[in-house]
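Note on naming: letters A, B, ... go to the chains in the order of the sequence lines (proteins, then strands), and numbering restarts at 1 for each one. Because the structure is predicted, anything quoted here is derived from the model rather than measured.
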2 protein chains.
Amino acid sequence: MAKGKDWQRLMGYRENPRPGGRSARVQAAVHQSVRDMLATMDRADVTIPLIAQRANVTPSTIYRRWGDLQALLADVAASRLQPEGEPARIGSARDDLEAWVEQYADEMASGVGRRMLRDILSAADGANAEKCSGYTQHQLAVLIARAEETGEPFPTQTELMDHVISPIIYRILFDQAPGADYVRELIAKVMPEGALKGGSARTSRATR
Amino acid sequence: MAKGKDWQRLMGYRENPRPGGRSARVQAAVHQSVRDMLATMDRADVTIPLIAQRANVTPSTIYRRWGDLQALLADVAASRLQPEGEPARIGSARDDLEAWVEQYADEMASGVGRRMLRDILSAADGANAEKCSGYTQHQLAVLIARAEETGEPFPTQTELMDHVISPIIYRILFDQAPGADYVRELIAKVMPEGALKGGSARTSRATR
DNA sequence: TCCACTAACGCAAATTATTTGCTTTTGTGC
DNA sequence: GCACAAAAGCAAATAATTTGCGTTAGTGGA
C-alpha cells in the first residue's frame with residue numbers, strides 16, 4: 001500500500017497547474033462534502049468513499065489528488081483556518097490584540113478547532129502546518145503595523161508568537177482549553193514596560 | 001468502517017486488565033516491530049499487516065487491541081518519549097535546566113522526535129498527548145525541587161511550560177528546529193530577576 | 001495443585017478501502 | 001475551432017479492516 005507516497009511533488013501537482021472550471025468544481029465539492037460530514041457524523045466514520053459519494057465524484061479522483069484521508073482533512077482544515085479578514089478595530093492596539101487573540105484561542109480550543117489543528121499537524125506533508133502558522137503571523141503583523149502607526153508600544157512578532165500563541169496552542173494540543181483571563185495574562189506579560197492597559201496600572205484588569 | 005470506534009473505553013481495556021505473560025509479550029513484540037519498521041522503512045509503507053507479520057502476531061489482534069495504526073503509533077511514541085531517568089546534575093539549577101531543555105529540544109526537533117510528536121497528537125484519543133506532557137512536567141518538577149533545596153531563584157513550572165517548552169514545541173510542529181542559543185534565550189527570559197548566569201551578568205553567555 | 005472462568009489471541013470468511021491501467025471528458029493555448 | 005494534455009471516470013485487481021467463532025492461557029478460588 002501507499003507506494004506512490006509523494007507523487008504530488010514528483011509530478012508537479014501543485015497549486016495551479018490547471019485551476020480551470022472542472023478541477024475547481026471538484027475541489028469545492030469535495031471540500032464541502034468533507035465539511036458537511038465532519039459536522040454531522042463522527043470523524044471516525046468519515047471515509048474517502050463516503051466523501052466521494054456525497055461530492056458526486058469517484059473515489060479514485062480523491063486518492064489521486066490528495067493521496068489519503070489525512071492529507072485531505074489537513075487541506076480542508078487549512079482552508080477553514082484561513083482568516084476571513086483583518087483583526088477588528090476595537091480601540092487601542094492592545095485592545096485589538098486582546099480581542100483578536102481571545103477569539104483565536106476560542107476558535108482553536110473549540111472541538112472543531114482542536115480537531116482541525118490535529119488534522120493539520122498529522123498530515124505527512126508539513127506544508128499545511130506552515131501555511132496555518134503563516135496566517136497567524138500575518139494577522140499579528142497587521143496588528144503590529146497598526147501599533148507602529150499610532151506609536152503605541154507593542155511586542156514584536158517573535159514575542160507574540162513565542163509567548164502568547166505558542167502557550168495557547170500547546171495547552172490546546174496537550175492539555176485543555178486556555179481561558180480568556182489566561183490569554184489576557186499572557187498578553188500583559190509580553191507588553192513592553194510602560195505600556196498601560198486602558199488608563200490604569202499595568203496589571204489592572206479593571207477597565208473593560 | 002470504524003464502527004466500534006471507542007470500544008477500548010466501552011469495555012475497560014485500560015492499562016492492566018490482565019497484564020500477565022502473553023499479553024505483555026504481544027505488546028512488547030508489536031512495539032518492537034513498530035520501532036524496527038519505523039527505523040528501516042518509510043513511514044507511509046508501515047501497515048498493520050506488516051507490523052503483525054514481523055511481530056508474529058495476527059493482524060486482528062492489533063486491530064482489536066489498538067484500534068488503528070494511528071493509535072498504535074501514538075502508543076509506541078508515547079512509550080518512547082518516556083524519560084529514562086531524572087535530568088542530569090551538571091552544576092547550578094540553571095545549568096541543569098539549560099542542559100535538560102537543550103537535550104529535550106534536540107530530541108523533539110530531530111526527525112524521529114518530530115514524527116513521534118505528530119503521531120501522538122494525531123491520535124483520536126488525547127490520552128497519550130497528556131501523558132507525554134505529563135512526563136515533561138515531571139522532569140521540570142524535579143529541577144524545580146532541586147532549586148528549592150539549594151535556595152536558587154527559579155521559574156515556576158507554569159512559566160517554564162508556557163515560555164520555554166511551548167515555544168519550542170510550537171516551532172518544531174509548525175516551522176523548523178529551534179537552535180541551542182534560542183533555547184538559552186528563552187530560559188534567560190524566564191529566570192527570575194536577580195538570578196545570575198554562572199558568576200557574571202544576567203544575559204552573559206561567557207561561562208560554560 | 002487443580003479447576004473454572006474469561007480475557008486475549010488465532011483463524012478465516014466477509015466486507016470495505018485503496019491502487020492502477022485504461023478510457024473519456026474538458027480546460028487551455030494557439 | 002483544433003490539438004494537446006491535465007484531470008476525471010470506470011472497473012478490475014489488490015490490500016486492509018472487520019467480525020464471528022474456536023482455542024489458548026493468565027487469574028483467582030478451592
[X] [atom1] - [N] [atom2] separation (whole Å):
| X | N | atom1 | atom2 | result |
| --- | --- | --- | --- | --- |
| A:L69 | C:dT19 | CG | P | 12 Å |
| A:I51 | C:dT16 | CD1 | C1' | 15 Å |
| B:Y63 | C:dT16 | OH | C1' | 11 Å |
| A:D68 | C:dT16 | CG | C1' | 17 Å |
| A:I62 | D:dG9 | CD1 | C1' | 13 Å |
| B:N56 | C:dC9 | CG | P | 14 Å |
| A:L50 | C:dT15 | CG | P | 17 Å |
| A:W66 | D:dA7 | CH2 | C1' | 11 Å |

Indicate yes or no: does B:R146 engage B:E152 in a salt bridge with an N to O separation below 4.0 Å. no
Salt-bridge criterion met for A:K189 and A:E185 (N-O under 4.0 Å): no
In terms of side-chain heavy atoms of [X], which of [options] is nearest?
| X | options | result |
| --- | --- | --- |
| B:P49 | D:dG9, D:dA16, C:dG10 | D:dA16 |
| A:V26 | D:dA16, D:dA8, C:dC9 | D:dA8 |
| B:R22 | D:dT17, D:dA7, D:dG26 | D:dG26 |
| B:I48 | D:dG9, D:dA8, D:dT17 | D:dT17 |

By the ring pair (Phe, Tyr, Trp, His ring centres under 6.0 Å) test, which pairs, at least two apart or in different chains, include something from residues 72-94 of chain A? none
Sequence neighbours left out, what pairs pass ring pair (Phe, Tyr, Trp, His ring centres under 6.0 Å) with at least one residue falling in residues 93-133 of chain A? A:W100-A:Y104
Pairs under 3.5 angstrom only: tabulate donor-acceptor contacts from the side chains of residues 74-84 of chain B to other protein residues two or more places apart or in another chain.
residue : atom : partner : partner atom : Å
B:D75   : OD2  : B:H31   : NE2          : 2.9
B:D75   : OD2  : B:W66   : NE1          : 2.9
B:S79   : OG   : B:V76   : O            : 3.1

Any B:R25 side-chain N or O less than 4.0 Å from OP1/OP2 of C:dC9: no
I want to check one thing: is the phosphate of C:dA8, taken as OP1 and OP2, less than 4.0 Å away from some side-chain N or O of B:T61? no
Could you write out each protein N or O paired with an N or O of nucleotides 10-12 of chain D at a distance under 3.5 Å?
residue : atom : partner : partner atom : Å
D:dC10  : N4   : A:S60   : OG           : 3.1
D:dC10  : N4   : A:R64   : NH2          : 3.4

Which residues share a side-chain hydrogen bond (donor to acceptor under 3.5 Å, both in side chains) with A:Y135, sequence neighbours left out: none
Does B:S133 have any side-chain hydrogen bond (donor to acceptor under 3.5 Å, both in side chains) partners at least two apart in sequence or in another chain, and if so, which? A:Y170, B:Q137
